[in-house]
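Here the structure comes first, spelled out in structure tokens, and everything after it is commentary.
In each ligand, atom 1 is the first atom listed, and ligand 1 is the first ligand listed.
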Amino acid sequence: MRVLVFSDVHANLPALEAVLADAGAVDAYWFLGDLVGYGPDPRACIARLRGLQPLARVMGNHDAAVLGQMPLRWFNETAQKHLLWTQDRLDAEDLAFLATASQQQIIDDVTLVHGSPRAPITEYLLGSEEAEAALRDLTTPWGFFGHTHKPILWQEENGRASPYFAAPGEALRLKPRALLNPGSVGQPRDGDPRAAYAIYDPDQRLWTWHRVAYDIAAVQKRMQSFGLPERNILRLTVGR
Ligand code: ZN
């Protein structure tokens, strides 16, 4: 069985299309939140996700903010501007689709969240302390998360969390208990500008990170044409 695990599309359609094409045929799609925000194509990305079956998904902080479920003042000024711009572009049906995402999903022995088990929408698992706390809260052997836009595995060993990252394409056999981030499709922040995702095989417990190039310049042009914040346009080039 092949599951596409992906997160933080952020309205970047060319990156999403590149990931779907590169992943090829899969048995299920597990999306870890933040479908909108930052990028120029929120509507097209919502439509594309809606067509994927079977799809499990959770809500991200940008999705929640666009729905009015999270105060805009929790975001920096650039992100706020963009969230308002996104709200203007979505119709009732788009918003209804975003609203049906749950905060957390458990599929067999895997928990899906955007941020962390204790604060599913908001907490960033950036360091070992946060990861250790998150592993204590995790009720399943494995947890898949997004939000930081950085591919990583946090492995629990004697109550401590150690970070690990394998090169794209290298298959990892998962050991309990661990938290894994596939990286971001639409706005990577680990210094590699290519779109990131993972393929998970639940039967063999194999996890493989992948990267795929997409037409970054085309997305930047489109963002420019809408007058979207310069900072978010430039960061796509460097993946930071
Ligand atoms: Zn995000």
Side-chain angles (χ1 to χ4, degrees), residues 4-16 18-19 29-42 44-46 48-49 56-67 69-87 90 97-99 101-105 112-117 119-127 130-131 134 143-152 179-198 209 211 214 216 219 223 228-229 231-240:
L4 171 61
V5 185
F6 62 126
S7 191
D8 297 279
V9 167
H10 284 297
N12 185 334
L13 186 65
L16 176 60
V19 163
Y29 298 89
W30 293 358
F31 177 58
L32 303 173
D34 272 359
L35 184 49
V36 300
Y38 298 126
D41 286 304
C45 288
I46 289 172
R48 192 67 170 95
L49 231 72
R57 66 200 171 96
V58 292
M59 191 175 293
N61 53 319
H62 288 255
D63 306 326
V66 162
L67 288 164
Q69 296 179 6
M70 181 173 289
L72 279 184
R73 60 183 158 78
W74 289 13
F75 293 82
N76 66 42
E77 203 187 325
T78 340
Q80 282 185 23
K81 265 190 207 158
H82 195 99
L83 287 165
L84 292 169
W85 178 88
T86 302
Q87 274 175 341
L90 300 184
F97 176 76
L98 286 182
S102 49
Q103 294 212 358
Q104 178 177 292
Q105 277 217 27
L112 309 182
V113 285
H114 184 61
S116 76
I121 298 188
T122 51
E123 186 179 21
Y124 289 92
L125 296 185
L126 283 167
E130 294 99 326
F144 297 170
F145 69 103
H147 198 32
T148 64
H149 298 208
K150 290 176 180 170
I152 198 162
L179 292 157
L180 292 110
N181 188 326
S184 166
V185 173
Q187 198 201 77
R189 291 181 193 161
D190 61 340
D192 182 342
R194 295 176 299 168
Y197 68 97
W209 277 290
R211 296 309 275 252
Y214 70 95
I216 294 174
V219 178
M223 289 173 81
L228 294 177
R231 178 173 178 265
N232 292 336
I233 296 174
L234 294 175
R235 71 190 304 180
L236 292 178
T237 313
V238 287
R240 288 270 180 216

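For a distance bound of 2.8 Å, the N, O or S atoms of His10 include one lying that close to the Zn ion (ligand 1). The Zn ion (ligand 1) has an N, O or S atom of His149 inside 2.8 Å of it.
No hydrogens or angles considered: a donor-acceptor pair under 3.5 Å links the side chains of His114 and Asn61.
Looking at Asp34, its N, O or S atom nearest to the Zn ion (ligand 1) turns out to be OD2. With respect to the Zn ion (ligand 1), Asp8 has OD1 as its nearest N, O or S atom.
Judged by distance alone, with hydrogens and angles left aside, the side-chain atoms of Asn12 form no donor-acceptor pair with the main-chain N or O of Val219 at under 3.5 Å. The backbone N or O of Ala11 lies less than 3.5 Å from no partner atom in the side chain of Asp41, so there is not a single donor-acceptor pair. Side chain of His149 to main chain of Ser184: no donor-acceptor pair is present (N/O by atom type, distance under 3.5 Å, no hydrogens or angles).
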